[in-house]
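In what follows, chains are A, B, ... by sequence order, proteins preceding strands, each numbered from 1.
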2 protein chains.
Amino acid sequence: MTTIRDVSKLAGVSVATVSRLLNQSGYVSKEAEVAIMAAVKKLNYKPNTIARSLAGKKTSAVALMVPDILNPFFPELARAAEDEAAARGYTLVLCNTDNNPDKEKMYIEALINKQIDGIMISSYTISPGQIVALQERSIPIVAIDKPYDGYPILSVTAANREGGKLAIRHLLESGCQKIAHICGPSHVHSAYERALAYEDSCAGMPWYTPSLTAFGGFSVAGGYKAMKEIYRMHQDVDGVFAGNDLMAAGALKAIHELGLSVPDKIKIIGFDGIVMDMVFPELSTVSQQIYTLGKTAMDYLIRQIHDEPIERKNYELEVRLLPKSTT
Amino acid sequence: MTTIRDVSKLAGVSVATVSRLLNQSGYVSKEAEVAIMAAVKKLNYKPNTIARSLAGKKTSAVALMVPDILNPFFPELARAAEDEAAARGYTLVLCNTDNNPDKEKMYIEALINKQIDGIMISSYTISPGQIVALQERSIPIVAIDKPYDGYPILSVTAANREGGKLAIRHLLESGCQKIAHICGPSHVHSAYERALAYEDSCAGMPWYTPSLTAFGGFSVAGGYKAMKEIYRMHQDVDGVFAGNDLMAAGALKAIHELGLSVPDKIKIIGFDGIVMDMVFPELSTVSQQIYTLGKTAMDYLIRQIHDEPIERKNYELEVRLLPKSTT
DNA sequence: ACGTTTTGGGAAAACGTTAGCACACTTGTT
DNA sequence: AACAAGTGTGCTAACGTTTTCCCAAAACGT
């Protein structure tokens, strides 16, 4: 392995000068620069990141903590985060927490020891206090998908409420007379917001009744069950707003089994905009531009790391109605 | 930040002794141990991984290089790899290469500078020479999904050929009289092997003809197009073996559009066994136990890192027929 | 001609570990 | 009694950087 010392020797300068040049800090003469660059090229010198980290206190590594990369929402987020991180010279460490607080603590502990430069975190279970504590240890954090109002925590979320309203309005405009909602876990912020949007929009309607909402747990199987349940009580339902795309797919499966035609007899719309081209008819959805979300969040994280001034507050991304074949 | 020096002072021993105890190397008396452990606990000391890496030449970090985490095959692999890595005290770095040789080189360069302990790689483009070169730089490698016969490269793959045969046999036993194949890119080893299995099994059949094979590029859209193409030439096809689940889903979509009933009129089977519960009817498939694959590969990687004796050769995992609703 | 900046560069102290070496004290063996 | 092996411990040199300090020369203003 060739070190900075080798370069300095070959170039006939001190290691300090080489370091200064490579880090653009301090003054270096043109001659020295030329000699050093030549030496670097000749020796194919690459600075050792570890040593650099130890001396400089920055690792050029950031972590992405997600509940479960198997949930199709997260690969897209990860992809965006990784692209952006790589583009800015950062390395991305992946952590699956399963929303298990113990695992989360373990990972956080480990990441601190690794002197990770920042963490992008999506978690239903982590407390604002924990995040603030991390920040006080001067570890920048960006929270995904859940705002922490009242705390100095930077978060990037989608406009869940507006998206939900968009979905309902779309169903109504498409002629739906009775709309059901399949909701996710209420302790999950986005699920809660979307459910609230449904209630806000529909509570005043003559057909509205609480039993039009069923719990789908954000999963395909849950959406399937919820749809069956809803249909058992309300055969006349003609519109379904599912809190995410997975549940919408499950609902679609159920509807199909029930022999109802989509979108003639019943319309259905999901939320998220994950890639789901394997499902047919293709699901209408409210897209939250997951890639942009991940990219933006990583951008903010890195800007925090670089101490660029940033308001520590929630950044809400626009959502887009994406009507396809189920409405 | 509390350092090993703080601990040694509080415990009244030298740093060397603390290090020895914490690394279980060399002798440490019972009294010293007690004193040190007390100090560690009191100061809440956690060794600094960076310093440890610099001194010890190991980072406890491994990388997973995949073409694209968006392809549903890879999150499952990543999940398994990460689980196993975390369980063994390793951190997982994620790299998306898009099968772009330049990106691959960039990442490899970066990973070397980070002194990554090992790399688990799935790539269609990397050459065995590159891998061997890395190994000669004493970076352990495990290749996924593609064996490198004739090179001292450890790889973990699925029994693609056997799986393909299993799929065909299953279709035949289910009564299929004319089976088509939708294949992936021929330079992708697994796609090639599966296509070969189809040919091996079917070339002798009276109905066999090359136009029963269409190219689906391993994607949903590709599978869809391929199916349409096949049907245009062979309305009497009653069985389809798709080279992966995504193409199978695409084909299913096409079949649905063509108004054929599955599995009565035409049966279809995929390959991979990715989680696809959003598709209905649920796809029959040949499962390659992706989780096991990832876990096994990571296990081998770490065993290589620990210099545990391992044959550098291909490890082929069994596949399983998973008949569901499309056959 | 004389301060004061600006420019350029070297020596050496961190950064927090690990590991090789040396030394000392117990045991056990002949 | 002498010697080897085993046990316990501390010093200190790495590991490869960055980052103070500090010094010297050149450029500049008066």
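Checking D:dT18, D:dG10, C:dG10 against every side-chain atom of A:Ile4, the shortest atom distance belongs to D:dT18. Nearest nucleotide to the B:Leu54 side chain, out of D:dC15, D:dG8, C:dG8: D:dC15. Checking C:dT18, C:dG10, D:dG16 against every side-chain atom of B:Ala55, the shortest atom distance belongs to C:dT18. For B:Val28, whose side chain is taken as the heavy atoms from C-beta onward, the closest listed nucleotide among D:dT18, D:dT9, D:dG16 is D:dT9. The side chain of B:Tyr27 has D:dG6 as its nearest neighbour among C:dT6, C:dT17, D:dG6. Closest approach to the B:Ala16 side chain among D:dG16, C:dT18, C:dG20 is made by C:dG20 (side chain taken as heavy atoms from C-beta onward).
Residue B:Thr3 is in sugar-phosphate contact alone, with no base atom involved, counting any heavy-atom pair closer than 4.0 Å across all strands shown. When heavy atoms are screened at a 4.0 angstrom cut-off, A:Lys58 is found touching no nucleic acid atom at all.
One interatomic measurement links the two molecules: NZ of B:Lys9 to P of D:dT9, which rounds to 19 Å at whole-angstrom precision. In this structure, A:Leu22 atom CG and D:dT19 atom C1' are separated by 15 Å, rounded to whole Å. Rounded to an integer number of Å, the gap from B:Asn23 CG to C:dA19 C1' is 10 Å. Separating the CD atom of A:Glu33 from the C1' atom of C:dG8 is a distance of 13 Å, rounded to the nearest angstrom. Atoms CD (B:Gln115) and C1' (D:dT17) sit 12 Å apart, rounded to a whole Å. Atom pair A:Asp6:CG and D:dC15:C1' shows a separation of 13 Å (rounding to whole Å applied). Rounding to whole angstrom units, NZ of residue B:Lys114 and C1' of D:dT17 are separated by 14 Å. Whole-Å rounding puts the B:Lys46 NZ to C:dT17 P distance at 12 Å.
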When you look at B:Ser19 and B:Ile4, which way does the side-chain contact (heavy atoms from CB on, under 4.5 Å) test go after all the steps? CA-CA 8 Å; B:Ser19 176; B:Ile4 197 174; 3.9 Å; yes
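Of the charged side-chain nitrogens involved, none lies within less than 4.0 Å of a carboxylate oxygen, so that B:Lys313 and B:Asp149 do not count as a salt-bridged pair.
The number of heavy-atom neighbours closer than 6.0 Å to OH of A:Tyr291, taken from other residues, nucleotides and ligands shown, is above 12.
The phosphate of D:dC11 has neither OP1 nor OP2 within less than 4.0 Å of any side-chain N or O from B:Ser14.
Under the Watson-Crick and G-U wobble criteria, each requiring two contacts below 3.5 Å, nucleotide D:dT30 is paired to C:dA1.
Remark: the B:Thr59 side chain and the B:Asp117 side chain contain an N/O donor-acceptor pair separated by less than 3.5 Å. For the residue pair A:Thr125/A:Ser123, the side-chain donor-acceptor check at 3.5 Å is satisfied.
The residue among B:Asn48 and A:Gly12 whose nearest nucleotide of DNA chain C lies closer to the 5′ end is A:Gly12. Nearer to the 5' terminus of DNA chain D, by closest-nucleotide assignment, is the contact made by B:Ser29 (compared with the other of B:Ala51 and B:Ser29).
For C:dG9, the base has a donor-acceptor partner in the side chain of A:Arg20 [N/O atoms by modelled type, under 3.5 angstrom].
Relative orientation of the A:Tyr300 and A:Tyr315 rings is perpendicular, given thresholds of 30° and 60° on the angle between their planes.
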